[in-house]
Amino acid sequence: MISLSGLNPEQRSAAEAIEGPVLILAGAGSGKTRTITYRIAHMVSNLAIPGKNILGVSFTNKAAKEMRERVIALLGKTKSRGITLTTFHSLGVKILKKEIDKLGYHLNFSIYDTSDQLGIIREALKVYQTDKKFDHKRILSKIGSMKNRGISSEDFLSSPYFDEEEPYDLATEYAYRYYQDKLKFFNAIDFDDILFLVVELFDKYPEVAEKYSEKFQYIMIDEYQDTNGLQLKLIMGLVSKHDNLCVVGDDDQSIYAFRGADITNILEFERQFPNAKVIKLEQNYRSTSPILSLANHIIKENKQRRAKTLWSTKESNLKPILWAMGDTDHEAQVVVDEIAKFQAKGGHLGDIAILYRSNTQAQPIEDELRIAQVPYTVLGGQKFYEKKEIKDLIAYFSVMVNPYDQMALRRILNVPHRGIGNATLDKFLLYSEQNNVSLFEAMQAHPDLAGPRAGNIQDFVKLIHTYQEKFKQNSLAESCSVFVEDIKFLQYIDKQYDNAKQADRRKNDIMMFLESAERFQKFQSDQATLKNFVEKLLLQDNQDRQEDEEDEDIRKNEVTMMTLHSSKGLEFDIVYLIGMEEEILPHKKTITDGEDISEERRLAYVGVTRAREKLFMTFCKERKIYGRKVTRYPSRFLYEMDPLYVNQDRTTFGHLTEEEKEEHIKSTFASLSSLLDD
DNA sequence: TCGTCCGGCGTTTTT
DNA sequence: CGCCGGACGA
């Protein structure tokens, strides 16, 4: 029996609302994850609903992992077995691995990332041939946004998003069809296809949708405010046999419209699902009252929203503070100085976050932290699997799993150098196209096309065949490491970089890759096939990373720096929200394009609500932009929050002694001098 | 096949 | 101001 008595009344009613559509509007810090994990535990333990009938979907592997762990903590391993807690994309891949042949793909399909995608678009535009130059990325992102609206390459022409007067739309129309044809020929799908094809499958074969709907009797969707039209269609398929859908989210934290999220999904949930039960979680367990009232003030300016007012019993006399700074260097100095003092008093740096709108803002802060020798980490940055050498290895493995994968094949054909250059490649490409066979088949059947280099082709084909067998017979980790040795990959890296340090770093990446194969094998045991491993890498599911195991609960003694976007879902005792300036937050682009700035306001709201105890905000009076010094103005959001924060102009005392500073503040903010100790 | 020079541009990001 | 991508030349 799981007791729900530890939940507040709203949380409890959310956890007990099991049948029919439910919308849980979970304000920032309102115990959302706690509520939904208890809800699952309640279903399994108290209502005897079999775990295999429960599906929980989130956006990131991290969120899925957290949910899984917390459910296990409540139910124990045995009772948790069978519950599916996963991401949209993993769920999609899982379904496609069983069903994609119905759509004319093979079950061993590859998953393409952005660079593969751009490669195909580049070719498409070469074939398209016009005088006008097109931005490949813009074309690709239009294709992606069409997919996320559920519009296929055939439907684009007649969709409201196509304008025949617009050269970009004409180019996109051509490129989209070319691109989909190639993907199918390569037996590959892209990230958007993972969901798009499931939806297509559900549309064409309603019985397939029904099968999954019958399996997943109880469905929960996390971060519902971030879902797009395509995800909604997928969800509709999954609930085709029932209406046990519980969505959880906060419209005030919808900050991903730029990548297709459609806030109307959450705003109009009851219209989509009439008789839906709506539960608001408004008690915040994270922040102090002064921080929350600041947050409430800013977000209430947004017109299109579900009215919510967060409240907290955590009283405090620490008002949020706004610092006016001279320029970005000054901003960095003052912030780091404050952090250094905190550190000197024995404070834990893991309790501090520095948040910013865009990554460029991080540089001065980083410089200053380094000078002051304050340890820090910057979240974001290059993903492990995006490193060139790692991608090369993955490309090899992709070809072994799916020999139709032309992009992977072309990537590794001459890596390490084996005398197969562009001229040779072109001959096989031509043959492949003319005879409608894959590039690999062409090489396999007619190595002689390479003329004097036919032997190189034969060797290459043999290499792939040999390892296809080896991976079947031997363990994953062992095969990977033997392969790396066999192709002399480390020696190749040495030759590639004259800089020994750089070569060492890259070789080290390879070792880490091999270790991750070992860990994958350890955790997945009989499921540790090459195909599953490659797939996991592409879905960036790093859950078995050693670091993650180690600092699961305790944050390191380091300041965390990240964008406002990546801070969603996290919390810190002390938050520095830097660059509260017009043209940064709200961002210049949203201002000049005359766009709705409500998403920028939500971003500010997300930043403010990360703080538990103390919130510092800053803006600069001057800033270098593209090398030029420009006068800057405080963010309009600051005026909206006035007077809920303490205004301190650091440019007038930024470099004064402590005594002078105290004197200054006393005279300026006589009534607020109690804040000085902080 | 690689290196170099020039021009354009400059948010946010997961899978 | 600096980076990146494309074009072009050695």
Side-chain angles (χ1 to χ4, degrees), chain A residues 57-64 86-94 96 111-119 122 125-126 133-138 141 144 147-148 189-196 198 222-223 226-228 230-231 253-261 328 355-363 379-383 385-386 414-415 417 419-425 496 498 535-543 562-569 579 583-593 595 597 599-600 602-604 606-607 623-630:
Chain A
V57 186
S58 51
F59 276 84
T60 64
N61 292 305
K62 199 177 152 204
T86 188
T87 64
F88 272 106
H89 288 86
S90 298
L91 175 70
V93 168
K94 205 173 150 190
L96 292 179
I111 300 171
Y112 276 4
D113 68 5
T114 315
S115 67
D116 297 321
Q117 293 180 289
L118 283 172
R122 201 168 292 134
L125 291 175
K126 231 178 254 166
K133 273 196 204 160
F134 292 99
D135 179 350
H136 304 152
K137 284 193 182 137
R138 187 170 151 191
S141 89
K147 285 187 181 178
N148 281 312
I189 67 175
D190 64 25
F191 280 114
D192 297 322
D193 281 337
I194 293 176
L195 304 184
F196 187 89
V198 173
D222 192 17
E223 303 281 12
D226 290 336
T227 53
N228 60 35
L230 189 59
Q231 282 149 347
Q253 292 183 72
S254 161
I255 54 176
Y256 284 112
F258 72 92
R259 69 176 197 212
T328 54
L355 308 181
Y356 34 83
R357 172 69 232 259
S358 72
N359 292 110
T360 51
Q361 292 171 256
Q363 197 55 63
L379 257 57
Q382 204 185 26
K383 301 281 175 309
Y385 103 108
E386 281 168 5
N414 210 22
V415 174
H417 302 299
I420 307 176
N422 269 336
T424 309
L425 171 64
Q496 288 297 297
D498 354 315
E535 172 193 307
K536 185 190 162 86
L537 289 165
L538 287 169
L539 292 177
Q540 312 220 17
D541 188 352
N542 290 327
Q543 59 169 288
M562 72 192 112
T563 62
L564 287 165
H565 282 91
S566 27
S567 75
K568 193 168 65 146
E583 303 198 339
I584 287 187
L585 190 65
H587 192 272
K588 184 170 189 195
K589 188 125 197 222
T590 48
I591 300 172
T592 28
D593 293 0
E595 277 174 45
I597 60 151
E599 182 144 321
E600 297 291 306
R602 288 193 287 268
L603 224 29
V606 166
R623 179 180 292 266
K624 257 192 189 162
I625 293 183
Y626 310 140
R628 199 174 287 130
K629 263 199 172 169
V630 185

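Given the structure is predicted, the values throughout are model-derived calculations rather than measurements. Chain letters run A, B, ... following the sequence lines, proteins first, then strands; residues in each count from 1.
- Between the side chain of A/Ser566 and the backbone N or O of A/Met562, no donor-acceptor pair lies under 3.5 Å.
- Between the P atom of C/dG2 and the CG atom of A/Asn359 lies a distance of 18 Å, rounded to the nearest Å.
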Check the interface with nucleotides 1-3 of chain B: list each N/O to N/O pair with the protein under 3.5 Å, or write none.
{"unit_1": "B/dT1", "atom_1": "OP1", "unit_2": "A/Asn414", "atom_2": "ND2", "d": "3.4"}

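- The interatomic distance linking A/Asn228 (CG) with B/dT15 (C1') rounds to 12 Å, in whole Å.
- Listed pair A/Thr563 / B/dT13 meets the phosphate criterion, a side-chain N or O lying under 4.0 Å from OP1 or OP2.
- Residue ring and base: A/His89 does not count as stacked with B/dT15 (centre distance below 5.5 Å and interplanar angle below 30° not both satisfied).
- In terms of phosphate contacts, A/His565 brings no side-chain nitrogen or oxygen within less than 4.0 Å of OP1 or OP2 of B/dT14.
- The A/Ser358 side chain lies nearest to B/dT11 when the options are C/dG6, B/dT13, B/dT11.
- Separation of the A/Phe258 and A/His565 ring centroids falls under the 6.0 Å cut-off.
- Taking atom CZ of A/Arg138 as the reference point, atom C1' of B/dG8 lies 15 Å away to the nearest angstrom.
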Using a cutoff of under 3.5 Å, can you pull out all pairs of nitrogen or oxygen atoms linking the protein to nucleotides 8-10 of chain C, with atom names and distances?
none

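- Separation of atoms NE2 (A/His89) and CD1 (A/Ile111) is listed at 9.0 Å; rounding is to 0.5 Å.
- Of the candidate nucleotides B/dT11, B/dT15, C/dG6, B/dT11 has the atom nearest to the side chain of A/Lys589.
- With values rounded to the nearest 0.5 angstrom, A/Leu91 atom CG is found 8.5 Å from A/Leu195 atom CG.
- Separation of the P atoms belonging to C/dG2 and B/dT11 is 16 Å when rounded to the nearest angstrom.
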For the pair A/Asn61 and A/Thr86, evaluate side chain to side chain contact (heavy atoms under 4.5 Å, CB included) and give the outcome as yes or no after the intermediate values.
CA-CA 7 Å; A/Asn61 292 305; A/Thr86 188; over 6 Å; no

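- For A/Arg122, whose side chain is taken as the heavy atoms from C-beta onward, the closest listed nucleotide among B/dT11, C/dG6, B/dT15 is C/dG6.
- Taking atom CZ on A/Phe258 and atom P on B/dT14, their separation rounds to 9 Å, with Å as the unit.
- Of the candidates B/dT13, B/dT15, B/dT11, the closest approach to any side-chain atom of A/Leu539 belongs to B/dT15.
- What separates NZ of A/Lys588 from P of B/dT12 is a distance of 15 Å, to the nearest Å.
- Taking atom CZ of residue A/Arg357 and atom C1' of nucleotide B/dG10, one finds them 13 Å apart after rounding to whole Å.
- Of the possible polar contacts, one joining the A/Asn228 side chain to the A/Gln231 backbone as a donor-acceptor pair under 3.5 Å is found.
- Of the possible polar contacts, one joining the A/Glu599 side chain to the A/Ala257 backbone as a donor-acceptor pair under 3.5 Å is found.
- For B/dT15, the OP1/OP2 oxygens have a side-chain nitrogen or oxygen of A/Asn61 closer than 4.0 Å.
- The side chain to side chain contact (heavy atoms under 4.5 Å, CB included) search around A/Asp226 returns A/Phe59, A/Glu223, A/Tyr256, A/Lys568, not counting sequence neighbours.
- In this structure, A/Ile591 places its CD1 atom 14 Å from P of B/dT11, rounding to the nearest Å.
- If you measure from atom NZ of A/Lys137 to atom C1' of B/dG10, you get 12 Å, rounded to the nearest angstrom.
- No side-chain heavy atom of A/Leu118 sits under 4.5 Å from any side-chain heavy atom of A/Ser115.
- Looking only at side-chain heavy atoms (C-beta outward), A/Thr563 and A/Ser358 stay at 4.5 Å or farther from each other.
- In this structure, A/Tyr256 forms no aromatic stack with the base of B/dT13, since the conditions of centre separation below 5.5 Å and plane angle below 30° are not both met.
- Here A/Tyr626 does not lie in a stacked arrangement on the base of C/dG2, lacking the combination of planes under 30° and ring centres under 5.5 Å apart.
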